[in-house]
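What follows is a single structure, written as structure tokens, with notes after it.
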Amino acid sequence: MFCTFARLIKTESVMAKYKEYKGLNFQEIDKEILKFWKDKDVFNKSVDQRPHDNQFIFYEGPPSANGKPGIHHVFGRAIKDMVCRYQTMQGKRVERKGGWDTHGLPVELKVEKELGITKEDIGTKITVEEYNQQCRTTVLEFVDQWNDITEKMGYWVDLDNPYITFDNKYIESVWNILGNLYTKGLIYKGYTIQPYSPGAGTGLSSHELNLPGCYKDVKDTTMVAQFKLVRNDKSEFIYEGLGDEDVHFLAWTTTPWTLPSNTALAVGHKIDYVMVKTYNPYTKKKVNLILAENLLSQWFTDEQLAMDFDSFDPENDKLIPCKVTAKFKGKDFELLDYEQLMPYHQPKDGIAFKVILGDFVSTEDGTGIVHIAPSFGADDMAVAKKYGIGSLTLVDKQGKFIDGMGEFSNRYVKNYKDDPNWENIDVDISVHLKLANKAFNIKKHVHSYPHCWRTDKPILYYPLDSWFVKTTAMQDKLIAKNKTINWHPEHTGTGRFGKWLENLQDWNLSRSRFWGIPLPIWRTEDGKEEIFIDSVEKLSSEIEKSIKAGFMTDNPYSKGYDKIDLHKPYIDRVFLVSESGKKMTREADLIDVWFDSGSMPAAQLHYPFENQDKFKTHFPADFISEGVDQTRGWFFTLHAIATMAFDSVAYKNVISTGLVLDKKGEKMSKRKGNVVDPFMTIEKYGADPTRWYMIASSPPWENLKFDLSGIEETTRKFFITLYNTYSFFALYANLDNFDYSQAEVPLEERAEIDKWIISLLNTLKKEVKQDFNAYNLTPALRKIQSFVYDHLSNWYVRLNRRRFWKGDLSKDKLSAYQTMFEVLFTISKLMAPAAPFFGEWLYQNLNEVANKEEFESVHLSLYPEIKEAAIDSDLEQRMEYAQKISSLVLSLRKRQKLRVRQPLQKILLPILDEKFSNQVEKVKDLILHEVNVKEIEYVTDTAGIIKKRIKPNFKTLGRRMGKQMKEAAAVIGKFTQADIESLEKSGKYDLKLGDDNFELTLEDFIITAEDIPGWTVASDGNLTVALDISLTEDLKAEGLARELVNRIQNLRKSSDFDVVDRIKVKLESNDFVKEAVEKYGDYIKVETLADEIVLVDSLDSETIELNDNVSTKIDIERS
RNA sequence: AGUCCCGUAGCUCAGCUGGUUAGAGCACUACACUGAUAAUGUAGGGGUCGGCGGUUCAAGUCCGCCCGGGACUACCA
């Protein structure tokens, strides 16, 4: 089998043989090639053998190894690998440093699950030290599986020296980059309302909030609350004519739990409001309600408005009447006072319970009056600040109400603990207010609400202190730089990513967690002095100062990278001294993990502490590729950090890959049980068919509907065909001892068909290269596939079979071998980036014998040189004619029920121009042989027997004729054969349409041969052929001889004769057989390797039918 | 709610700057072939190119609206 690739040393006597196989076994090939790569260290050589001054820079996005790899990872990596291997073949040095993303919430949550603890337990039940140690272990839990799939799928990346984001050096680089931004004034601390996940115990960044699936439709209890207006001098105008009745503002909320924290109501400046007199539907008390006029119909029906108010009986009548009693403008209400709805606590940071004006108030839904809880909404906070309105933060960070709230104290506002006994607090608040005559309407309402991507719980908007990167300050530059990036597909760059940059918000860096890169900022207690630590060295020297000031006793960060730990809790034991001598404490937050991976271009090199020169040549990347879901993730953080810190893009080309769905187009999920296991898939089908299928079936950025039967088809249509082609070549090349040591037959001396396939091959090399360079991977693979299948296998090999199996190693045969070798050898290289195993297998099998190149591996070799001189478009065209004409003749044979083995006399081919007949003449022999016909007769129109068809050439005429085109087409459509003839003779035609005269030339028409009257024709596009089906005695005899050859061949095969065995044939004679043998005996002998043919009167074997009329008996034996 | 992408044969997909019988492969049916056989050839059925409207001499292709699918954005009461 496939034991070694050690180049066989040729001697005069021992001839190397191409390996022959019993079948195609991908498991075996994968295994052998992996071993070969490992033994010969091919990956490292593929990098090291390329020069440093010709780099192709690739960045590997770091996966998190705390989960198992999935089939979508194989997809993404197949693309990355293909591009990198291709660039290597272009002579580029493509270093590929692997990496692991190790910090962040997913890791922490997994650890908490494993240990059965919650965030609150950290620091009590378990120390931060132990906790972080556990994170460090867990995060690389599946690293073996990752390494395994990486190897098995043939993804080349350096996993021996990966960058790891928890590494001290990596952290130091991240600090340095952050310091770079800090120095530029791009880092600030702010107090804002942010999305916060009580379940995870942390604020969420906008990109975390933008992860797919975060916004979900939820059904919440919503209510319209009645806020009672305070009657005083300012509000007196509203009470006109009301006597001592109360007035309420109506405000709708989808989050009743924020009502205790209400400190204001917002109305729209220009919005029209009405006062409605009605009864509260729950308490049946008479009330006066204020709401937007436009929204009246939302809460009251026309019927209600039409009812007689005075005859209403609150006890018995179901339908409640109402009537509009007054109208106001929003601005009339400004700064009116209302009574606090749920007076548990009072705000300490401002005035409260005022009606204020807000631009954001609309009358699309609700009541046109917005309940404002500054602590729990960004808009609320902004408008409250403007009016000096205070806030009430009555929910703590665990997501439960604080003390002093009566029956609601210490209850969770959402079910964050998955408590089975949790009762919906929105409902309870609604009921509470209902009883107090403070609720006007309570109903369920479906709306979309953001959820935490990890805990799957609804988030809260919560006031938090946070550190931000002022990305908005660099927005213009970010947008400008993005325009220089070559996005694949383009619309992801202009659309999704571009739009994101246009609506950019500042990047919230803070995470109040444990396992991550600590924010290296120390502050004095009053916040007036702060220091940014951007290196370990600086940390150490500042500690020394602190020791002198007496805030620390020893320096734990002076011992070298491998003896320190920059994580919590150690870093929090560092206290520094300010310039004025005050103690400084570290800001408690960690840095968003996305900053980790976005810093990777510099941090993987420990820049700027090491590799200053290398960074210059390794930044920015030529190419990266990840899933579309990284648009706001890694693609953004790389771009933002590179732009802000280094004033450069981070990558020049990017492919954003689509999702891998199941075959029905549904997302893969454990719940549905439609997850495809990458290990099983590769094991069963082989890495190459899997990879090839994924890239060839649709462009990478489209979602892939992953269907195993697609891999099977790829295997059959491409790999097996190619394997069969190789097997065919190997079989005969070995018989003829072809090892490419013979002198090369010059191209011009080779057969037409050889020149043709070489021409196509060079066209293919050219097109594939163009496609690869443009990152059009899918078309490239499709072209290779179609070349192998349609042209190489189903045309070149099929037509050339007999060249290989007949006679000695003549010059013609030699050129056939050399041609086929060159084609296969080239294909092995073209396919190698996408199918690295099979490409290697093919390359080695060929090169091992022929020693054409010195490279140890196809992946060390260079992309095949494009020989422009070998490309002959005329030749390609006439071969296409040959293919089409053959196909037409075969279909005519089919229609006439004439099997191909029956020779026919001639094909008739109408000829309209000389070039065509010249072209066909050159491939005549191929056609005649393929369809088993003796000659081609060209039928020129001088005889006047061709019926022609004429069509206007819309492309040239359309522009000139414009509106008259239709009319012209009608005229031309009515041309007679005589009209066409005179047009062809004179070469021009005057077309009169009304008053207009158009001078048309031959170019304005398309004339085709449609028919040869009296013959059966077949046509395809512009080609038409007819077939002479009359049979002479001679042709019949030859046909019979061919049938005999066929039967004898079958017997040879069923008798297990070797293809080279010579035989003796006995035939039971009859008139037909006798004539066939007399006339074509030599032919039969040559074809069947028979030394003699004996005709006998009777034979003992089975009767074999030769055609409808003739049968015989045949006997063969080895001679 | 907005933005972007997609919608072509039962399935997977081509269809370039608008140009006149809308293609391929798979699957299906029939016949042929059997010295590549996990093949191959030929023929056949199968399409209102998501719908409607517009621009144009001409629309699968350009424009608008709508429907369906997906991704993303969103403080939205």
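Just so we're clear, the structure is a prediction, and the values are computed from it rather than from any experiment. Every heavy atom of this structure was used, including side-chain atoms; hydrogens, water molecules and symmetry mates were not. Within every chain, numbering begins at 1; the chains are lettered A, B, ... in the order of the sequence lines, protein sequences first and strands thereafter.
Residue Gln194(A) is classed as having no contact, given no heavy-atom separation below 4.0 Å to the nucleic acid. Using a 4.0 Å heavy-atom distance criterion, Ile369(A) is classed as making no nucleic acid contact. Residue contacts for Asp707(A): at a heavy-atom cut-off of 4.0 Å it reaches no nucleic acid atom on any strand shown. Heavy atoms of Gln964(A) sit nowhere under 4.0 angstrom from any nucleic acid atom. Ser727(A) comes within contact range of no nucleotide atom at all, as no heavy-atom separation falls under 4.0 Å.
With A38(B), G70(B), C13(B) as the candidates, the nucleotide lying closest to the side chain of Arg782(A) is C13(B). Among the nucleotides A38(B), A77(B), U21(B), the one closest to any side-chain atom of Arg949(A) is U21(B). Comparing A77(B), G25(B), A14(B) against the side chain of Pro699(A) picks out A14(B) as the nearest. With distances taken from any side-chain atom of Ile720(A) to the nucleotides A38(B), C13(B), G35(B), the minimum falls on A38(B). Of the candidate nucleotides U42(B), A74(B), A36(B), A74(B) has the atom nearest to the side chain of Trp500(A). Each of G25(B), G35(B), U42(B) was ranked by its minimum atom distance to the side chain of Tyr732(A); first place goes to G35(B). Of the listed nucleotides (C57(B), U40(B), C4(B)), U40(B) has the atom at the smallest distance from the side chain of Lys717(A). Of the candidate nucleotides C4(B), U37(B), C26(B), C26(B) has the atom lying nearest to any side-chain atom of Arg716(A). In the set G41(B), G35(B), C5(B), G41(B) carries the atom at the smallest distance from any side-chain atom of Asn794(A).
Nucleotides C63(B) and A71(B), compared at atom P, are 25 Å apart to the nearest Å. With P as the reference atom, U8(B) and C49(B) are 11 Å apart, rounded to whole Å. The C1' atoms of G2(B) and A74(B) are separated by 8 Å, rounded to the nearest whole Å. Rounded to whole Å, the separation between the C1' atoms of A59(B) and G54(B) comes to 11 Å. Going from the C1' atom of G25(B) to that of C67(B) covers 30 Å, rounded to whole Å. With both ends at atom P, the span from G69(B) to G60(B) equals 26 Å, rounded to whole Å. Taking the P atoms as reference points, U12(B) lies 15 Å from G70(B), given to the whole Å. Rounded to the nearest Å, the gap between the C1' atom of A27(B) and that of G45(B) is 13 Å.
Phosphate contact (OP1/OP2 of U73(B), side-chain N/O of Lys499(A), threshold under 4.0 Å): absent. The phosphate of G19(B) has neither OP1 nor OP2 within less than 4.0 Å of any side-chain N or O from Asn953(A). Taking side-chain N and O atoms only, Tyr461(A) has a distance below 4.0 Å to OP1 or OP2 of C76(B). Between Tyr789(A) and U40(B) there is a side-chain polar atom (N or O) within less than 4.0 angstrom of OP1 or OP2. Between Ser887(A) and the phosphate of U42(B), there is a side-chain N or O to OP1/OP2 separation shorter than 4.0 Å. Applying the 4.0 Å criterion to OP1 and OP2 of C11(B), one finds that Lys705(A) has every side-chain N and O outside that range. Phosphate proximity of U40(B) to Arg798(A): absent, as no side-chain N or O sits under 4.0 Å from OP1 or OP2. An OP1 or OP2 oxygen of U3(B) is reached within less than 4.0 angstrom by no side-chain nitrogen or oxygen of Arg496(A).
If you take CD1 of Ile885(A) and C1' of U42(B), they are 17 Å apart, rounded to a whole angstrom. Rounding to whole angstrom units, NZ of residue Lys955(A) and P of U17(B) are separated by 11 Å.
Pair check for A77(B) finds none; no Watson-Crick or G-U wobble contact set falls under 3.5 Å. Using N1 to N3 plus N6-O4 or O6-N4 for Watson-Crick, or N1-O2 and O6-N3 for G-U wobble, each under 3.5 Å, C52(B) pairs with G64(B). Checking G23(B) for Watson-Crick or G-U wobble geometry (two distances, each under 3.5 Å) identifies C13(B) as its partner. U40(B): Watson-Crick or G-U partner is A32(B), with both key distances under 3.5 Å. Nucleotide G2(B) is matched to C72(B) when pairs are restricted to Watson-Crick or G-U wobble geometry with both distances under 3.5 angstrom. Across every strand in view, A59(B) sits unpaired, with no contact that passes the Watson-Crick or G-U test at under 3.5 angstrom. G47(B) makes up no base pair with any nucleotide shown, lacking Watson-Crick or G-U wobble contacts both under 3.5 Å.
Around atom NZ of Lys684(A), no more than 12 heavy atoms belonging to other residues, nucleotides or ligands sit under 6.0 Å away. Remark: Gln896(A) CD is packed, more than 12 non-hydrogen atoms of other residues, nucleotides or ligands lying under 6.0 Å away.
Contact of Lys894(A) with C31(B) (side chain to base): a donor-acceptor pair of N or O atoms is detected under 3.5 Å. For a distance-only test at 3.5 Å, the side chain of Ser793(A) qualifies as a donor-acceptor partner of the base of A36(B).
Looking only at distances, a side-chain donor or acceptor of Thr657(A) sits under 3.5 Å from a matching main-chain atom of Glu626(A).
Ring geometry for Phe804(A) against Tyr732(A) counts as tilted: the plane angle lies between 30° and 60°, on a 0 to 90° scale.
Classification of Lys444(A) and Asp220(A) as a salt-bridged pair fails, no side-chain N sitting under 4.0 Å from a carboxylate O. Salt bridge present: Glu930(A) and Arg798(A) bring a charged side-chain N and a carboxylate O closer than 4.0 Å.
Checking His371(A) against Thr258(A) by side-chain atom types alone, a donor-acceptor pair falls below 3.5 Å. Looking at Asn1050(A) and Arg1047(A), their side chains never bring a donor and an acceptor atom within 3.5 Å of each other.
The distance between the ring centers of Phe719(A) and Phe838(A) falls below 6.0 angstrom.
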